[in-house]
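As structure tokens, the structure follows; a few thoughts come after it.
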There are 2 protein chains.
Amino acid sequence: MPEINTWQIIKNNVLRRLSERQWLPGDTLPSEMEFAREFGCARATVNKALNELASTGILERKRKSGTRVTINPVRKATMSIPVTRQEIQARGCTYSHVLIENTLKRLPAHMTSRFNVPGGVKALHHKALHLSDHEAFLYEDRWINTIVMPDIQEVDFTTISANEWLVGHAPYSRGELSILSAAASADEALHLGIDEGRPILIVERTTWSDTQPITFVRLAYRPGYRLNSTL
Amino acid sequence: MPEINTWQIIKNNVLRRLSERQWLPGDTLPSEMEFAREFGCARATVNKALNELASTGILERKRKSGTRVTINPVRKATMSIPVTRQEIQARGCTYSHVLIENTLKRLPAHMTSRFNVPGGVKALHHKALHLSDHEAFLYEDRWINTIVMPDIQEVDFTTISANEWLVGHAPYSRGELSILSAAASADEALHLGIDEGRPILIVERTTWSDTQPITFVRLAYRPGYRLNSTL
DNA sequence: CTCGTTATTATGTCTAGACATATACTATAT
DNA sequence: ATATAGTATATGTCTAGACATAATAACGAG
């Protein structure tokens, strides 16, 4: 454990004392001033160390009440959702993708509510298959709001994937993520080359630019895929 | 957007300018000193604002090179994995759980490697069903390393769930999380009250105390369950 | 005993400096 | 041309203060 900075020394020290059960869930830790005296540093340095720990969910901090050990720590797993190409290449496999559909059509009912647009509005329906070492890896079924992203109709998605184009050209946005398990639909099974009904992992994501939804995508991973993370 | 603090004003200002595509992915932002002059504040305040944005993955910061807009932002979704009881109660449902098994037995082969212990070692095999409004919600199949947690053999798991006991009594630890889709096994289907083979969401988690594995748990959620998160 | 007021206190934010350090750039010597 | 040493620079860390603010605790009046 390389301890170079004062705030990291303090952070690691507190972590060690927590693992040694010196402070139990619910207990109040010493105040910033007490820590500052103990470590012979400024209060701001203690503040940084404790805030760092609070951001991971181990500690809870409140004005006047002080710093306490979280009783029911909500385990915050930071899942990184990489661009698929990078994920595949990081495993040392070759990445390729095939454009399956890219047409402007009327939004189906379940999408108009999701995009919060009136019925009858058209949007870009985009389907693509991502391959790892030339084997089906991920099937992508996406709707793109062309009202917000009009330029996208000119893009050649045979050379760049929609995901990567959007990451580079859509302004930074917030999003909603949903992970579920489903039986492969006929469409998904066909493209992934598996039997219909097989359990596959689905990730659904809606991204927004300010108040406007940009895109909704349903990612169907091939059987055996795992989303991993450390906490 | 309530902007009370200087660093939040700066953060929101930068976010807005990013969404207006004033700086594109790969571009270098002004230095901290320039921002400090622009906002009439100390450099430390700018530092906090920009570090805040860097922690979300939007910006990348490096000494001397400066601050630049991330080209391929790894979407960091912070999934909160709450204690099941809280998750159910947060939905306004009543929580209950049933202890199905709690016996000391020899570790199967696939677990000895996971726990990194010699073969023949015994561990606590713990199975429980968590119910939401008296309906099966989550089936838990857990192994607990009794070498590390000897006290656990005395606990009455009919009154408190293993998860909650461990959260309160195991020292803070790191863990590995894996999310996958699987066909319900006979055991899982029986307890969840569903047909064998139905696609269900599985969360597997191993938690460690320092170098010692404490527990491995496989959580089988009822069909229709979604893990949600914002990014 | 209850309600409202006041003091206290721990954290939140901020400043104006300082030195440290990684790293890109430049100049010099080989 | 290439390796090496030096310089400049932007961020990282830190200090010793200051005032702000939320929330608890103590107090006092009715």
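The sequence lines fix the lettering, A, B, ..., with proteins before strands; numbering per chain opens at 1.
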Partner of B/E32 under salt bridge (Lys or Arg N to Asp or Glu O under 4.0 Å), chosen from B/R43, B/K48, B/R63: B/R43
Atom pair distance, as rounded to whole Å: CZ in B/R43 and C1' in C/dA20: 11 Å
Ring geometry between B/F35 and B/W23 (parallel below 30°, tilted from 30 to 60°, perpendicular above 60°): perpendicular
Aromatic ring pairing A/F157/A/W165, orientation class (parallel under 30°, perpendicular over 60°, tilted between): perpendicular
Spacing between B/R68 atom CZ and C/dT23 atom C1', to the nearest angstrom: 12 Å
Side-chain donor-acceptor pair present, A/N12, A/R16, cut-off under 3.5 Å: no
Opening and closing nucleotides of DNA chain D in contact with chain A, under 4.0 Å to non-hydrogen atoms: D/dT13 to D/dT24
Positive for side-chain hydrogen bond (donor to acceptor under 3.5 Å, both in side chains) with A/D141, one of A/K127, A/H125, A/R218: A/H125
Nearest heavy atoms of A/S65 and A/T28, plus distance in Å: O-CG2, 4.2 Å
For DNA chain C, the residues among residues 22-30 of chain A that have a non-hydrogen atom under 4.0 Å from it: none
For B/H130, the option from B/Y95, B/Y221, B/Y225 that meets ring pair (Phe, Tyr, Trp, His ring centres under 6.0 Å): B/Y95
Separation of C/dT21 P from B/N47 CG (nearest whole Å): 17 Å
Atom-to-atom span, CE of A/M33 to C1' of C/dT9 - whole angstrom: 12 Å
Pairwise 5' ranking along DNA chain D for B/N51 and A/K62, keeping only the more 5' one: B/N51
From CA spacing to verdict: side-chain contact (heavy atoms from CB on, under 4.5 Å), A/L201, B/L201: CA-CA 8 Å; A/L201 192 70; B/L201 192 70; 3.6 Å; yes
Which residue lies more 5' along DNA chain D, comparing A/C41 with A/R63 via nearest heavy atoms: A/C41
